[in-house]
Amino acid sequence: MVSVNPFGDFRENCRDALRESITQLFPSISVESFLLDIPPNPEFGELASTICFELGRQMEKKPKKMAKQIVDIMEMDNFPLIKAVTVAGQGYVNFYANFTALSKTTIESIHSLDTTYGFVKTNKPKRIIVEHTSSNPMSPIHIGQARNPILGDSLARLLTARGHTVFRHFYIDDVGRQSAVAAYGYQKLGKPSPKEKPDHYIGLIYTLTSCLIEINRLKKETEKSIEGASETTQLMQRQLDEWLSIAAELEAKHPKLFNQLLEKTMKDKDKQTLVNNLNRAYEIGKEKARVLVREVCHLSLEGIRETLINAEIFFDSWDWESEFAWNSDVSKILNALKKTGYVYQEGPVLEFDANKVAEDFRLKEKLGMKDDYEIPSLTLVRSDGTTLYTTRDIPYTLWKFRIAEEVINVVGMEQKLSQQQLKLALWGLGYAEKAKNLTHFSYNLVTLPGYKMSSRKGRYISFDEVIEEAVKRAREEVETRSPQLPEAEKQKISKIVGIGALKYALVEVDPIKPVVFTWDRVINFERNSAPYIQYSHARACSILKKATKSKRLNFSLLVEPMERDLILTLARFPEVFINSADNLKPSAISDYANLLADKFNSFYNALSVIGAKPKALSNTRRALVEAVSIVIRNSLNLIGIKAPLRM
RNA sequence: GGGUCCGUAGCCUAGUUUGGAUAAGGCGCUGGCCUUCGGAGCCGGAGAGCGGGGGUUCAAAUCCCCUCGGACCCGCCA
């Protein structure tokens, strides 16, 4: 019989058995949940209940005694997956699986379900938007940001496999000031056609321009405040010094373009204002500004898209922020907000009182805030009439909710406050349900040892560079290990392995924890890495190629602890998957894949498949190996990593 | 100053949502394995009692309080 969740079936057997005994013995007691834990050691069985500790307290009896009573009356015949039940310790009830039955169900189900094994469908399918990456369109994706597409893509894969309808959206933040900065520089340089990958080229222009503007601004401001002793002046002086040293770095690295830009912008005494004007013109949709900024965006996005495709990360929709500004969605929302009473004017500036919303709807506790915490207000409109990122995010979010019932934003944790303010704006506007269905999937920074990466300051390692290096190193490995492979396949494998290593390194760590980037960390080919798991898969495939398939199987022959451990791990995959998808935890999958590879390698090393006697054992082990290969492949798939047949 | 998050062997991490039986891996260190199907491998050893203190509980790395250290936020940036 095919089971979508073999270990889950065993769990249900145990739960039912437990429930029957308990209701029979203690009909007066109502037990809500019969949670079963995986014991720390196989000698305690495959599942264990601690319910007698709880019952013992309620009924003032010894847990061990109750456990004995419960076990004594248990009718085992109704539960084919349970082999035995015992009492252990101070009152644990331990269940032992009937391995012949469990092995058969597990292996047969995996063979039969194949590419869908493990992917248990939810009974509440939803339409979900996963918005991710959404990086600054004016520079290449750097490795600090790369955690975002990798996590976002895994989430989308997990939720799709869970049976949801998922839409992957890239929000192009083209209205921000950074677009105006890059566009200004691009125009001054005479709209040059990129000499390299376009996002890298535009990114360089952005960094150089941004640097010149900052220096220009800071110089003017420090000159203005002549009495140079005040604290703010000192701060400005320090900032100026930092930007001057950045300028020196940039000039040394890109002398030609730097000096060209310097020369071309020399005459602009107030660059800051020019950029602000361009920003405003673009936001209100002035023709010239539209043409210019879009041109730069398109160039850069072409490069960004190339990077993502190279990493096999795809989107269903590319949403232009400017569309929401131009089609008056933003102004409609502003008007609606004004009517709520949660908005107040400070001169020309419009502020949103997030704190008041939280108090009126009693949301602070739900948002994990202390009662007396004063949520900062959110500026909606600048004094020059332009809006801010979060302001524009409100209509965008509502637009997403027209497509989907649930929205997950993969956004760095440094934006936590603004994501909360966004949520509160939805509450204030009367969209409580939407606010509840908006999730900020937050993740921590990837830093370079000692400092943060910054596009604006030009201090970053691009995603492209890291991919290139990873593939290059993988290529060297393939060359030494499998020199006989044809060139085309070597290339293909190097890419799968290199990118796999990279993705794995960034998925593996809990997103809430920071990662310090080092080359050896993200391009690791040893144990606990994608290549290690891929290698295990290739080994399994190698056996499958050599051993002929047979239908004459006998699952009762799989008695070795290593075989059982392996089968148990395979049987648990669906539960791991459900937990990972429902709790948005891709790292649970990378963990699992690694665990499975570990178990397989131990098995591989200790027991032979092809030469095993009798023949039925060999056949059955082969079936087990095939199941392993399927589950490794399925699990890696969820985190966007491919499993090569050989490497 | 206010807020959020993190703190597990020399280093990197899992486990914390849902409290349970000797705290799990990897790197590094170290002793073995030409044993057949791929050594990107396998088997073993040393190494932490979970930042510190208190509390709740039959039971705490997990929950609560205090405290120390680090990161991030508190922008008319995104």
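By convention in this document, chain letters (A, B, ...) are assigned in the order of the sequence lines, proteins followed by strands, and residues within each chain are numbered from 1. No hydrogens, no waters, no symmetry mates; every other heavy atom, side chains included, goes into these values.
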Separation of atom CD in A/E560 from atom C1' in B/C42, rounded to whole Å: 16 Å
Of the nucleotides B/G38, B/G26, B/U18, which has the atom closest to the A/N583 side chain? B/U18
Any A/R177 side-chain N or O less than 4.0 Å from OP1/OP2 of B/C77: yes
Run the salt-bridge test on A/D384 and A/R280 with the 4.0 Å N-O cut-off and return the result as yes or no. yes
Side chain of A/N528 only, please: which of B/U13, B/G26, B/G3 is the nearest? B/G26
Across the strands shown, which category fits A/S418 at heavy-atom distances under 4.0 angstrom: base, sugar-phosphate, nothing? base
Looking at B/G39, B/C27, B/C72, which one has an atom nearest to any side-chain atom of A/M413? B/C72
Note, A/V181 side chain near A/I213 side chain (heavy atom, < 4.5 Å): yes
Check every strand shown and say whether A/A547 touches a base, only sugar-phosphate, or nothing at a heavy-atom separation below 4.0 Å. nothing
Which nucleotide in the list B/G15, B/U13, B/G7 gets nearest to the side chain of A/V509? B/U13
Whole angstrom value for the distance that separates P of B/G25 from OH of A/Y504: 14 Å
Tell me which residues in residues 446-457 of chain A lie within less than 4.0 Å of RNA chain B, going by non-hydrogen atoms. A/K452
Between B/C72, B/U36, B/C42, which one does the side chain of A/S608 approach most closely? B/U36
Does the side chain of A/L506 come within less than 4.5 Å of A/L151's, by heavy atoms? no
Are A/E346 and A/R382 within salt-bridge range, i.e. N to O under 4.0 Å? no
Does the side chain of A/K370 get closer than 4.0 angstrom to OP1 or OP2 of B/G3 through an N or O atom? yes
Could you tell me the separation between the CG atom of A/D510 and the P atom of B/C6, rounded to a whole number of Å? 8 Å
For the side chain of A/R527, counting heavy atoms from C-beta on, which of B/U22, B/G38, B/G25 is nearest? B/G25
What residues in residues 46-55 of chain A put a non-hydrogen atom under 4.0 Å from any atom of RNA chain B? A/A48, A/T50, A/F53
Validation row, ring centre A/Y532 to ring centre A/F525 under 6.0 Å: no
Rounded P spacing from B/C50 to B/A61 in Å: 7 Å
Which residues in residues 588-597 of chain A have at least one heavy atom lying under 4.0 Å from any atom of RNA chain B? A/D591
Verify the contact: side-chain N or O of A/K613 to OP1 or OP2 of B/U36, cut-off strictly under 4.0 Å; return yes or no. no
OP1 or OP2 of B/G26 versus the side-chain N and O atoms of A/R521: is any pair under 4.0 Å? no
Donor-acceptor pair (no angle test) under 3.5 Å: A/D37 side chain, B/A21 base: no
Please report the interatomic distance OG(A/S590) to CD1(A/I641), rounded to the nearest 0.5 Å. 8.0 Å
Should A/S542 be listed as having a side-chain N or O under 4.0 Å from OP1 or OP2 of B/G38? yes
Can you tell which of B/C42, B/G39, B/A71 lies closest to the side chain of A/N444? B/A71
Which part of the nucleic acid, if any, lies within reach of A/K416 when heavy atoms closer than 4.0 Å are counted: base, sugar-phosphate only, or nothing? sugar-phosphate
Using a 4.0 Å cut-off on heavy atoms, which residues in residues 379-390 of chain A reach RNA chain B? List them by number, or say none. A/T379, A/R382, A/S383, A/L388, A/Y389
One thing to verify: whether A/R527 and A/D598 come together as a salt bridge, which I'm taking to mean a side-chain N less than 4.0 angstrom from a carboxylate O. yes
Hey, does A/M647 reach any base, or is it just sugar-phosphate, or nothing, if we go heavy atoms under 4.0 Å? base
Interatomic distance where NZ belongs to A/K513 and P belongs to B/C12 [whole Å]: 12 Å
With a 4.0 Å cut-off on heavy atoms, is A/G368 in touch with a base, just the backbone sugar-phosphate, or nothing at all? sugar-phosphate
Does anything in residues 368-395 of chain A pair up under ring pair (Phe, Tyr, Trp, His ring centres under 6.0 Å), and if so which pairs, sequence neighbours excluded? none
Both distances below 3.5 Å, Watson-Crick or wobble geometry, any strand: find the nucleotide opposite B/U57. none
I'd like the C1' distance from B/A21 over to B/A60, given in whole Å. 14 Å
So if I take every side-chain heavy atom of A/Y535 and compare against B/U16, B/C42, B/G39, which nucleotide ends up nearest? B/G39
Rounded to the nearest 0.5 Å, how far apart are CD of A/Q145 and OG of A/S455? 5.0 Å
With a 3.5 Å limit on both atom pairs, tell me what B/U17 is paired to, counting Watson-Crick and G-U wobble, or say none. none
Quick check for you: to the nearest 0.5 Å, what is the distance between A/Q90 atom CD and A/C52 atom SG? 12.0 Å
Using a heavy-atom cut-off of 4.0 Å across all strands, would you classify A/V516 as base, sugar-phosphate, or nothing? nothing
To the nearest Å, give me how far apart CG (A/L617) and P (B/U36) are. 19 Å
Ranking B/A21, B/C42, B/U13 by distance to the side chain of A/N94, first place goes to B/A21
Check the distance between B/G41's C1' and A/R646's CZ and give it to me in whole angstrom. 20 Å
When you measure from the side chain of A/H537 to the backbone N and O of A/P644, does any donor-acceptor pair fall under 3.5 Å? yes
Check every atom of B/U22, B/C42, B/A21 against the side chain of A/A88 and return the nucleotide holding the closest atom. B/A21
Going by an N to O cut-off under 4.0 Å, is there a salt bridge joining A/R473 and A/D520? yes
With both distances under 3.5 angstrom, what nucleotide forms a Watson-Crick or G-U wobble pair with B/C72? B/G3
Anti or syn - B/G49, cut at 90° from 0: syn
Partners of A/E489 by salt bridge (Lys or Arg N to Asp or Glu O under 4.0 Å), sequence neighbours excluded? A/R646
Counting only Watson-Crick or G-U wobble pairs whose two distances fall under 3.5 Å, which nucleotide matches B/C42? B/G32
Side chain proximity check, A/I632 to A/Q534, heavy atoms < 4.5 angstrom: no
What is the distance, rounded to the nearest whole Å, between atom CD of A/Q420 and atom P of B/C74? 12 Å
Does B/C58 have OP1 or OP2 sitting under 4.0 Å from an N or O in the side chain of A/R57? no
May I ask you to verify if any side-chain N or O of A/R621 is less than 4.0 angstrom from the OP1 or OP2 atom of B/C37? no
Mind checking A/Y373 for me? I need base, sugar-phosphate or nothing, with any heavy atom below 4.0 Å counting as a touch. sugar-phosphate
Inter-residue atom distance A/L502.CG - A/W519.CH2, 0.5 Å rounding: 9.0 Å
Look at the side chain of A/S580 and the backbone N and O of A/K585, then say whether any donor-acceptor pair between them is shorter than 3.5 Å. yes
Rounded to the nearest 0.5 Å, how far does CG of A/L595 lie from OG of A/S635? 10.5 Å
